[in-house]
Amino acid sequence: MGFVKTFIVSFFRLAAGLAFLCAALTGCLLASTAMGQDNLLDVARSLFRPIPKRAADLDGNPATLEKLELGKMLYFEPRLSQAHNISCNTCHQIGRAGGDGRSTSIGHNWQRGGRNAPTVFNAVFNIAQFWDGRAADLTEQAGGPISNPTEMGTTPGHAVEELKGIPGYVEAFGKAFPDEVDPLRYDNIARAIAVFEATLITPNAPFDRYLEGNENALTTEQKEGLRLFTDKGCSSCHNGINLGGSMYAPFGVVEKPGWDFLPPDDKGRVEVTRKVDDDYVFKIPTLRNVALTAPYFHSGHAWDLEQAVAVMGTTQLGTQLSPEEVDKITAFLQALTGDQPKVTYPTLPPSVATTPRPAP
């Protein structure tokens with residue numbers, strides 16, 4: 001009996017010890033997981049910022065309700081093009097995440113542009129505009145396509161003449177720029193469009209909510225993708241509020257992609273700076289809403305986001321990402337889709353008998 005009693009006591013002591021050990025190990029694992037989550041959030045906050053709920057005013061170009069409404073009308077105005085058939089929204093469609101879903105856009109007289117149309121959403125946060133950064137800000141960018149012979153195909157003078165031939169625009173410019181003697185000028189066309197474009201932001205993505213402290217906003221797979229995104233070095237270029245748009249880099253830092261991804265005749269930023277070091281250098285694109293903005297790269301050659309991630313691994317990082325790693329990074333990128341702007345299509349002022357006619 002004494003032996004049995006001793007055995008039973010020893011058994012329960014062992015069971016209690018094992019239970020304590022299991023509880024301790026479980027606590028350590030939970031603590032480790034929590035610390036890992038906290039550390040990941042801290043890392044993310046050191047590299048990225050959430051999109052604000054409201055964009056700030058542009059420097060030297062404050063927004064007013066009248067200027068904003070005018071800018072919206074001009075953004076959708078096809079009469080700013082030579083043939084009256086192309087507007088800003090043709091290539092930067094509000095309903096398609098600010099792009100047009102083409103490798104390269106179709107412009108005046110069915111000409112094709114040389115590069116993929118970058119999204120206009122969140123462009124206000126970029127260091128510069130266009131793939132080569134040739135426009136310093138949204139105002140400078142807004143005036144470019146109108147007078148580009150490949151895009152909208154008109155001239156600054158004709159654009160002003162066109163709008164001055166529409167009484168409703170004469171009135172609208174007077175309200176938007178009330179302190180100016182001659183408010184309907186080409187630079188004011190660009191300024192009004194820029195004010196509207198600055199409102200095209202996409203806050204409240206799952207990743208924004210995560211950065212604001214809601215750790216449940218991302219799935220486990222998305223968190224693993226975020227960890228890979230930072231550990232592998234993607235965030236070296238894709239960082240800040242836009243996860244891109246803040247610097248320039250060669251396409252092919254480690255290994256040049258094929259010429260289908262990197263057309264040899266488009267040498268990028270060197271055409272702006274005339275510096276040989278800028279051969280095949282381009283502005284890092286934003287990854288905001290990237291799941292909605294295929295095709296990818298300045299060539300618009302990659303139609304699949306997983307393919308684009310894999311290409312970036314080899315060309316920019318010198319890493320052959322595994323299919324599992326590609327899937328996890330892609331899952332994270334899908335968490336960058338924010339609330340899309342709600343824009344009511346404006347009623348445009350009617351032409352009159354003396355309004356300049358479209359070119360054939």
Side-chain angles (χ1 to χ4, degrees), residues 33-58 63 68 92-99 118-129 137-138 195-247 283-294 296 305-306 308-309 312 325-343:
T33 301
M35 288 176 64
Q37 289 181 346
D38 289 343
N39 181 56
L40 179 61
L41 180 57
D42 289 341
V43 170
R45 283 173 165 170
S46 73
L47 293 168
F48 315 108
R49 289 187 292 129
I51 295 283
K53 299 298 188 291
R54 179 183 178 277
D57 282 342
L58 304 177
L68 177 58
H92 304 282
Q93 298 170 26
I94 302 299
R96 301 195 68 177
T119 176
V120 72
F121 287 1
N122 305 305
V124 65
F125 303 120
N126 290 338
I127 190 175
Q129 306 301 324
D137 53 31
L138 282 180
V195 164
F196 172 68
E197 289 180 339
T199 68
L200 301 177
I201 58 176
T202 61
N204 202 39
F207 186 52
D208 291 320
R209 299 197 297 273
Y210 178 76
L211 291 173
E212 290 164 353
N214 180 2
E215 293 194 34
N216 294 321
L218 298 185
T219 67
T220 299
E221 185 181 28
Q222 288 170 339
K223 289 175 184 175
E224 292 172 352
L226 170 59
R227 175 71 73 184
L228 287 167
F229 190 85
T230 57
D231 288 353
K232 293 289 185 180
C234 308
S235 58
S236 298
C237 295
H238 293 283
N239 51 50
I241 190 169
N242 252 0
L243 285 85
S246 61
M247 60 178 286
K283 186 173 96 267
I284 302 296
T286 174
L287 294 181
R288 292 284 182 177
N289 306 292
V290 69
L292 307 179
T293 57
Y296 305 110
L305 186 54
E306 287 83 358
V309 170
M312 285 289 95
E325 290 173 330
V326 169
D327 287 344
K328 289 179 178 180
I329 292 174
T330 301
F332 164 63
L333 295 180
Q334 290 168 345
L336 302 179
T337 302
D339 293 342
Q340 303 297 287
K342 302 293 189 295
V343 178

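If you read the sequence from its start, that first residue is 1, and numbering goes on from there. Model, not experiment: these values are computed from the prediction.
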Minimum heavy-atom separation for [X] to [Y], with atom names?
{"X": "P203", "Y": "P52", "value": "CB-O, 3.5 Å"}
{"X": "N242", "Y": "T286", "value": "O-OG1, 2.7 Å"}
{"X": "L58", "Y": "V124", "value": "CD2-CG2, 3.7 Å"}
{"X": "P50", "Y": "E212", "value": "CB-OE2, 4.0 Å"}
{"X": "A217", "Y": "P206", "value": "CB-O, 3.3 Å"}

Reported [atom1]-to-[atom2] distance for the pair [X] and [Y], which is rounded to 0.5 angstrom:
{"X": "I51", "Y": "L243", "atom1": "CD1", "atom2": "CG", "value": "8.5 Å"}
{"X": "L305", "Y": "L333", "atom1": "CG", "atom2": "CG", "value": "5.5 Å"}
{"X": "K53", "Y": "I201", "atom1": "NZ", "atom2": "CD1", "value": "9.0 Å"}
{"X": "I127", "Y": "K283", "atom1": "CD1", "atom2": "NZ", "value": "9.5 Å"}
{"X": "K328", "Y": "T220", "atom1": "NZ", "atom2": "OG1", "value": "10.0 Å"}
{"X": "L287", "Y": "F207", "atom1": "CG", "atom2": "CZ", "value": "10.5 Å"}

Can you tell which of L68, L138, D57 makes a side-chain contact (heavy atoms from CB on, under 4.5 Å) with V195?
L68
Mark yes or no for whether [X], through its side chain, and [Y], through its backbone, hold a donor-acceptor pair below 3.5 Å.
{"X": "Y210", "Y": "K223", "result": "no"}
{"X": "Q222", "Y": "A331", "result": "yes"}
{"X": "Q129", "Y": "A123", "result": "yes"}
{"X": "Q340", "Y": "G338", "result": "yes"}

Please determine whether side chain to side chain contact (heavy atoms under 4.5 Å, CB included) holds for the pair N122 and I241, giving the CA-CA distance in whole Å, both sets of side-chain angles, and the decisive distance to 0.1 Å.
CA-CA 9 Å; N122 305 305; I241 190 169; over 6 Å; no
Test side chain to side chain contact (heavy atoms under 4.5 Å, CB included) on E221 and T330; report intermediate values, then the result.
CA-CA 10 Å; E221 185 181 28; T330 301; over 6 Å; no
Should N39 and R227 count as side-chain neighbours, where that means a heavy-atom distance under 4.5 Å?
yes
Quick one: does S246's side chain get under 4.5 Å of N239's, heavy atoms only?
yes
If you count every heavy atom of other residues, nucleotides or ligands that lies below 6.0 Å from R209 atom CZ, does the total exceed 12?
yes
Electrostatic pair D208-R288, nearest N-O below 4.0 angstrom
yes
The side-chain hydrogen bond (donor to acceptor under 3.5 Å, both in side chains) partner of T202 among N289, T337, T119 is N289
Let's go through F121 and T293 carefully: what are the C-alpha distance in whole Å and the side-chain angles of both, what is the deciding distance for side chain to side chain contact (heavy atoms under 4.5 Å, CB included) to 0.1 Å, and is it a yes or a no?
CA-CA 10 Å; F121 287 1; T293 57; over 6 Å; no
What side-chain hydrogen bond (donor to acceptor under 3.5 Å, both in side chains) pairs are there with at least one residue in residues 229-238, not counting sequence neighbours?
K232-E325
Show your working on side chain to side chain contact (heavy atoms under 4.5 Å, CB included) between R45 and L211 and close with a plain yes or no.
CA-CA 6 Å; R45 283 173 165 170; L211 291 173; 4.3 Å; yes
Plane angle bin for F48 and F332 - parallel if under 30°, tilted between 30 and 60°, otherwise perpendicular:
tilted
